[in-house]
Number of protein chains: 2
Amino acid sequence: MDPVSAPRARRARGPYAKTAATRAAILDAALEVFAEAGYRGGSLRHIAERVGMSEPALMHHFHSKAGLLQGVLDHRDQRSYAIAPIDRLPGEQSIRGLIALVRHNASTPGVVELYAILAAEATSDSHPAHGYFVSRYEFVRASIVDSFRQLEEEGQLAAGVTPQSAADATIAIMDGLQVQWLLDRGALDMADELAAFLRIITRLEL
Amino acid sequence: MDPVSAPRARRARGPYAKTAATRAAILDAALEVFAEAGYRGGSLRHIAERVGMSEPALMHHFHSKAGLLQGVLDHRDQRSYAIAPIDRLPGEQSIRGLIALVRHNASTPGVVELYAILAAEATSDSHPAHGYFVSRYEFVRASIVDSFRQLEEEGQLAAGVTPQSAADATIAIMDGLQVQWLLDRGALDMADELAAFLRIITRLEL
DNA sequence: GTCTATAGTTAGATAGAC
DNA sequence: GTCTATCTAACTATAGAC
């Protein structure tokens with residue numbers, strides 16, 4: 001066999017095929033561990049164990065714990081945006097997208113748990129994901145305000161409701177429901193509760 | 001001097017006067033540290049430093065880190081209940097109490113931060129405050145459902161709103177607003193937003 | 001009631017062989 | 001790209017003197 005053919009054969013599946021698979025496995029494990037214990041409470045050691053590799057091997061792919069967290073956040077953002085690109089859909093579609101997103105989230109409790117803990121942890125300036133959450137909330141707030149403004153122009157917003165307060169309340173409901181749901185998953189249906197709220201502040205039939 | 005008089009003089013200020021003062025100082029420091037870094041991220045060392053005492057001295061008053069956390073939670077519960085005894089006020093008074101409570105919370109960001117982080121962290125079964133938050137949410141949910149049920153009987157609840165979903169949404173709004181407010185305290189007024197929401201789902205003039 | 005000293009873990013990160 | 005081995009620092013908690 002041609003000694004050169006082996007690496008070429010691997011490259012044939014695409015560049016860094018194995019690296020990408022390893023990175024994906026690490027991100028999955030990191031998500032589980034961070035979701036269980038939070039960012040500060042989760043350890044690289046536990047993540048490495050779950051992947052079945054050594055800690056230094058893990059550090060080869062993500063140079064620091066903060067870098068790994070960033071990788072997890074980016075990974076989930078891409079998936080969320082695929083479900084609900086809230087800044088590019090017209091008003092009503094955007095609102096419906098939020099409900100679809102929440103319904104999907106209910107099928108991945110680990111991700112919900114990670115986000116709920118991180119959003120609260122990252123409130124502190126010193127948290128490595130602080131900047132991420134600040135800019136993320138700015139983006140989400142602006143996008144949802146824009147959606148409600150469109151509904152307002154179409155006369156679809158309830159009386160006495162402003163786009164800004166509607167957006168703030170919608171985001172708050174989504175975040176707050178997660179905590180109650182995580183504490184007792186049988187207590188409520190997040191998507192149903194969100195839809196009920198949106199039916200009250202809009203004239204949409206959701 | 002009579003060697004017996006010294007201890008008696010101290011006792012004259014009440015039993016364990018000094019101990020109580022030290023415990024209070026520890027609870028204040030613990031609240032600050034846990035609020036900044038979360039329970040898992042906050043260390044007994046930093047708390048002891050802030051009080052100006054050694055770590056073992058701290059352990060003399062609270063036998064474990066979990067015990068110290070419980071002390072902080074109990075301390076804040078007593079204060080919250082003094083502002084809004086939601087299970088003992090009639091419906092409308094209870095709802096007004098919630099707004100008053102949120103307005104008061106806005107003057108103590110550290111406490112808000114601690115609660116937001118803990119509520120999310122304590123979602124996991126393994127968290128030392130898990131049991132506390134489970135029973136606390138049960139109590140709060142039951143109390144607020146009861147308040148909305150009274151409003152319903154008085155015809156003060158908006159059409160299509162049930163006491164249970166009103167309570168779930170109210171609690172979610174309160175919890176969710178905290179995260180947004182902590183990320184950017186100028187972004188919104190928690191009490192105003194809560195009042196706006198309550199005006200929509202009730203016929204109360206708040 | 002507070003201290004010094006320290007046990008016993010666990011953490012994130014690095015060096016260098018293969 | 002993954003490993004063993006190791007470093008340094010931080011953690012909770014305990015023992016025992018004062």
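Proteins get letters first, then strands, A, B, ... in listed order; numbering begins at 1 in each. As a basis for the values below, the full set of heavy atoms in this structure was taken, side chains included, without hydrogen atoms, waters or symmetry mates.
For Ser64(A) and dG12(C), the shortest distance from a side-chain N or O to OP1 or OP2 is not below 4.0 Å.
Along DNA chain D, the nucleotide nearest Ala66(B) and the nucleotide nearest Leu58(A) are compared for position; the residue whose nucleotide lies closer to the 5' end is Leu58(A).
Looking at the side chain of Pro56(A), the nearest of the listed nucleotides dA13(C), dT12(D), dT14(C) is dT14(C).
Taking atom CD1 on Ile26(B) and atom P on dG1(C), their separation rounds to 11 Å, with Å as the unit. With rounding to whole Å, His60(A) atom NE2 is found 15 Å from dG16(C) atom C1'. The CE atom of Met59(B) sits 19 Å away from the P atom of dT6(C) (whole-angstrom rounding). Counting to the nearest Å, the P atom of dA13(C) and the NE2 atom of His63(A) are 12 Å from each other. The CZ atom of Phe62(A) sits 12 Å away from the P atom of dG1(D) (whole-angstrom rounding). As rounded to whole Å, 18 Å separates atom C1' of dT14(C) from atom NZ of Lys65(A).
Among residues two or more places apart in sequence or in another chain, the salt bridge (Lys or Arg N to Asp or Glu O under 4.0 Å) test is passed with Asp184(B) by none.
Checked against Phe148(B) for a side chain to side chain contact (heavy atoms under 4.5 Å, CB included), the options Thr162(B), Ile95(B), Val161(B) give a single hit: Ile95(B). Only one option out of Ile83(A), Leu194(A), Asp192(A) pairs with Arg103(A) in a side chain to side chain contact (heavy atoms under 4.5 Å, CB included); it is Asp192(A).
The aromatic rings of Phe197(A) and Phe197(B) sit tilted, their planes meeting at an angle between 30° and 60°.
Nearest heavy atoms, Ala120(B) versus Ala116(A): CB-O, 3.5 Å.
Within residues 32-55 of chain A, the residues that have a heavy atom under 4.0 Å from DNA chain C are, in order of number, Gly42(A), Ser43(A), Leu44(A), Arg45(A), His46(A), Glu55(A).
Salt-bridge annotation for Glu153(B) and Arg149(B): absent, with no side-chain N of the basic residue lying under 4.0 Å from a carboxylate O of the acidic one.
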